[in-house]
Asker: 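Questions regarding the structure given below will be posed in turn.
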Amino acid sequence: MNQQSPTEPNQGAAPGTPPASFFESNVKTRVLLIASGKGGVGKSSVTTNLAVALAKRENDVAVIDADVWGFSIPRMLGITEPPSVVDDMLIPPVAHGVRSISMGFFAEEDQPVIWRGPMLHKALNQFLTDVAWDEPDFLLIDLPPGTGDTAISLAGFLPDSEMLVVTTPQIAAQTVAQRAAFMAEKVDIEVRGVIENMSWFTGDDGQRYELFGEGGGSALAEKLGVPLLGQIPLVPALRAGSDNGNPVAVDTSTEIGSIFAEIARVVEEDLKPTKRRHRELKIN
Ligand SMILES: Nc1ncnc2c1ncn2[C@@H]1O[C@H](COP(=O)(O)OP(=O)(O)OP(=O)(O)O)[C@@H](O)[C@H]1O
Ligand SMILES: [Mg+2]
């Protein structure tokens, strides 16, 4: 495995060492960290479906499942085959136009994975350096619940990442989601937007029921000074699709499919990368 240091991208690299392009500030790849303050709000579902929706817009999209404890991306994307190995590099499997890597390819789903800080740091580094990613348009990273070591490692490796915070509509959930934003600030990662999930459920009577309250997403977005990128309803098809590897974003003719398509459009077109990405451009 490649032992290249993330602080010295490509410099003095041995012949044949692949470029660790994500570590350079002039790559075109936009890295989106999908975060939340607590578990179970739909980070992995949002990561999977947003990735599929961005791929449907003709982008080259990659996903890193950084939840090495509770990996779920392979199942949600419906990937069954492991990565292949060519010249000591991992070739990520593809599903629905999205390439991905996950600890799920290297561990049994029912086996506990125990990570200490340095091991986790190394594993995340290897996901970036030992996988033949080339230069995708978007790299989405599904963070584990809460804050901590994973975000700190990734922020160090990928300082130009953009964070999207997923929250539920309860006003109370805001304070929790804000933790993700505080963490982002600590590690100097920019929060670019909020995505509200589980916003409403449409009953057989056609009525919208706001089961988890309302307004949490827009209130959090306002507090953080970033846009609310979209609201995703509770739909049984989303859960079913996550369980059987058929992400709902594949079919844009449905309400839920079109919602993910619109969030992908907003991320790609309205949320242009900021000038932070061009550190070499200094204004005197
Ligand atoms: N909008 C939705 N409609 C229906 N089910 C949903 C929706 N969003 C998420 N779910 C379901 O809720 C569960 C939790 O979602 P998910 O795994 O994406 O959350 P998470 O934030 O990644 O969780 P964790 O913190 O454990 O990683 C899953 O079973 C998922 O299918
Ligand atoms: Mg998850």
Side-chain angles (χ1 to χ4, degrees), residues 32-53 63-79 96 98 100-105 107 109-110 112-113 115 120 124 127 140-151 154 163-170 173-174 176-177 179-181 183 194-203 208-214 216-217 220 228-251 254-264:
L32 307 177
L33 300 179
I34 315 298
S36 73
K38 63 168 187 171
V41 301
K43 285 176 301 300
S44 304
S45 307
V46 167
T47 304
T48 302
N49 284 288
L50 180 57
V52 168
V63 172
I64 289 179
D65 184 351
D67 191 347
V68 298
W69 301 273
F71 45 84
S72 47
I73 296 295
R75 180 174 45 82
M76 288 186 174
L77 272 175
I79 297 177
H96 306 292
V98 175
S100 80
I101 201 83
S102 169
M103 202 45 72
F105 298 134
E109 192 147 9
D110 53 2
V113 182
W115 294 94
L120 172 70
L124 294 171
F127 277 177
L140 279 72
I141 305 188
D142 184 22
L143 292 179
T147 52
D149 288 355
T150 305
L154 288 167
M163 185 176 279
L164 306 183
V165 180
V166 181
T167 189
T168 50
Q170 296 103 303
Q174 270 186 65
V176 181
R179 268 187 229 147
M183 186 260 310
V194 170
I195 296 175
E196 186 185 88
N197 187 28
M198 310 188 182
S199 301
W200 65 82
F201 175 77
T202 306
R208 279 188 182 184
Y209 295 92
E210 283 154 339
L211 301 178
F212 296 121
E214 60 174 312
L220 178 65
L228 176 65
L229 304 175
Q231 291 177 290
I232 303 164
L234 261 171
V235 286
L238 189 152
R239 190 209 42 77
S242 291
D243 287 348
N244 60 28
N246 289 308
V248 287
V250 168
D251 184 358
T254 59
E255 182 198 29
I256 187 78
S258 66
I259 286 173
F260 278 109
E262 174 59 11
I263 296 174

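These figures come from a predicted structure and were not determined experimentally. When reading the values below, keep in mind they use all heavy atoms of this one structure, side chains included, and skip hydrogens, waters and symmetry mates. Atoms within a ligand are numbered from 1 in the order they appear, just like the ligands themselves.
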Asker: Considering only non-hydrogen protein atoms, determine which one is nearest to atom 4 (C) of ligand 1 and report residue, atom name and distance to 0.1 Å.
Answerer: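 Result: Val235 O, 3.1 Å.
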Asker: Is there any N or O on Ser72 that sits under 3.5 Å from an N or O of ligand 1?
Answerer: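 Among all N and O atoms of Ser72, none is under 3.5 Å from an N or O of ligand 1.
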Asker: Using heavy-atom distances, let me know which of Asp67, Ile256, Thr48 sits nearest atom 27 (O) of ligand 1.
Answerer: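 Considering heavy atoms of Asp67, Ile256, Thr48, the nearest to atom 27 (O) of ligand 1 sits in Asp67.
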Asker: How many angstroms lie between atom OG of Ser199 and atom CG of Leu228, to the nearest 0.5 angstrom?
Answerer: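 If we round to the nearest 0.5 Å, Ser199:OG and Leu228:CG are 8.0 Å apart.
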Asker: Which atom pair, heavy atoms only, marks the closest approach of Pro169 to Asn197?
Answerer: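 For Pro169 versus Asn197, the nearest heavy atoms are CD-O, 3.4 Å.
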Asker: Quick one: closest heavy-atom pair of Ala66 and Pro144, and the distance?
Answerer: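 Reported closest heavy-atom pair: O-CD, 3.6 Å.
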Asker: Distance to 0.1 Å, residue and atom name: give those for the protein heavy atom nearest to atom 20 (P) of ligand 1.
Answerer: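 Protein heavy atom at minimum distance: Lys43 N, 3.4 Å.
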Asker: Answer yes or no for Ser72: is there an N/O/S atom below the 2.8 Å cut-off from the Mg ion (ligand 2)?
Answerer: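 So Ser72 does not count as coordinating the Mg ion (ligand 2).
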Asker: What protein heavy atom is closest to atom 7 (C) of ligand 1, reported as residue, atom name and distance in Å?
Answerer: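 For atom 7 (C) of ligand 1, the nearest protein heavy atom is Leu238 CD2, 3.5 Å.
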Asker: Answer yes or no for Gly40: is there a heavy-atom contact with ligand 1 below 4.0 Å?
Answerer: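 So Gly40 counts as touching ligand 1.
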Asker: Is the shortest N/O to N/O distance between Val41 and ligand 1 below 3.5 Å?
Answerer: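 Yes; the residue has a nitrogen or oxygen that sits under 3.5 Å from a nitrogen or oxygen of the ligand.
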Asker: Heavy-atom pairs closer than 4.0 Å: do any link ligand 1 to the side chain of Asn197, the backbone, both, or neither?
Answerer: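 Asn197 to ligand 1: side-chain contact only, backbone stays beyond 4.0 Å.
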Asker: Quick one, Ser102 and Asp142 - any side-chain contact, counting heavy atoms below 4.5 Å?
Answerer: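 Answer no - side chains too far apart.
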Asker: Would a 4.5 Å heavy-atom cut-off, applied to side chains only, mark Phe127 and Asp65 as touching?
Answerer: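 Not touching, per the 4.5 Å side-chain cut-off.
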Asker: Return the residue, atom name and 0.1 Å-rounded distance of the protein heavy atom closest to atom 12 (O) of ligand 1.
Answerer: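 I find the closest protein heavy atom is Met198 CE, 4.0 Å.
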Asker: Just to verify, which of Ile79, Thr48, Ile64 counts as forming a side-chain contact (heavy atoms from CB on, under 4.5 Å) with Ser100?
Answerer: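 Between Ser100 and the candidates, side-chain contact (heavy atoms from CB on, under 4.5 Å) is satisfied uniquely by Ile79.
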Asker: What residue and heavy atom of the protein are closest to atom 11 (C) of ligand 1, and at what distance?
Answerer: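 So the nearest neighbour among protein heavy atoms is Arg239 CG, 4.2 Å.
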Asker: Is there a heavy atom of Pro233 sitting under 4.0 angstrom from any atom of ligand 1?
Answerer: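 Checking ligand 1 against Pro233, which is what was asked, there is a heavy-atom contact under 4.0 Å.
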Asker: Please give me the minimum heavy-atom distance between His96 and Pro247, naming the atom from each residue.
Answerer: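 Between these two residues, the closest heavy atoms are NE2-CD, 3.3 Å.
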Asker: Quick one: closest heavy-atom pair of Phe201 and Leu211, and the distance?
Answerer: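 So the minimum-distance heavy-atom pair works out to CB-CD1, 3.9 Å.
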Asker: Does any N or O of ligand 1 fall below 3.5 Å from an N or O anywhere on Asp243, backbone included?
Answerer: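 Checking ligand 1 against Asp243, no N or O pair falls under 3.5 Å apart.
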Asker: Using the rule side-chain contact (heavy atoms from CB on, under 4.5 Å), only one of Asp149, Ile141, Thr150 pairs with Leu124; which is it?
Answerer: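 Of the listed residues Asp149, Ile141, Thr150, the side-chain contact (heavy atoms from CB on, under 4.5 Å) partner of Leu124 is Thr150.
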Asker: With Val194, which of Leu220, Val166, Leu229, Leu164 fulfils side-chain contact (heavy atoms from CB on, under 4.5 Å)?
Answerer: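 In the set Leu220, Val166, Leu229, Leu164, the residue that makes a side-chain contact (heavy atoms from CB on, under 4.5 Å) with Val194 is Leu220.
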Asker: Would you mind listing which atoms of ligand 1 come within a distance below 4.0 Å of any non-hydrogen atom of Pro145?
Answerer: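 Numbered from 1, ligand 1 contributes 25 (O), 27 (O).
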Asker: Who gets closest to atom 9 (C) of ligand 1 by heavy atom: Ser45, Ser36, Ala35, Gly39?
Answerer: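 Of the listed residues, Ser45 has the closest heavy atom.
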Asker: Any atoms of ligand 1 less than 4.0 Å from a non-hydrogen atom of Met76? List them with their elements.
Answerer: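 Every atom of ligand 1 under 4.0 Å from some heavy atom of Met76: 17 (O), 18 (O).
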Asker: Any side-chain heavy atom of Ser72 within less than 4.5 Å of one from Arg75?
Answerer: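 Result yes, sub-4.5 Å side-chain heavy-atom pair found.
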Asker: Atom 19 (O) of ligand 1: which protein heavy atom is closest, and how many Å away?
Answerer: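 Sorting protein heavy atoms by distance from atom 19 (O) of ligand 1 puts Gly42 N, 3.0 Å first.
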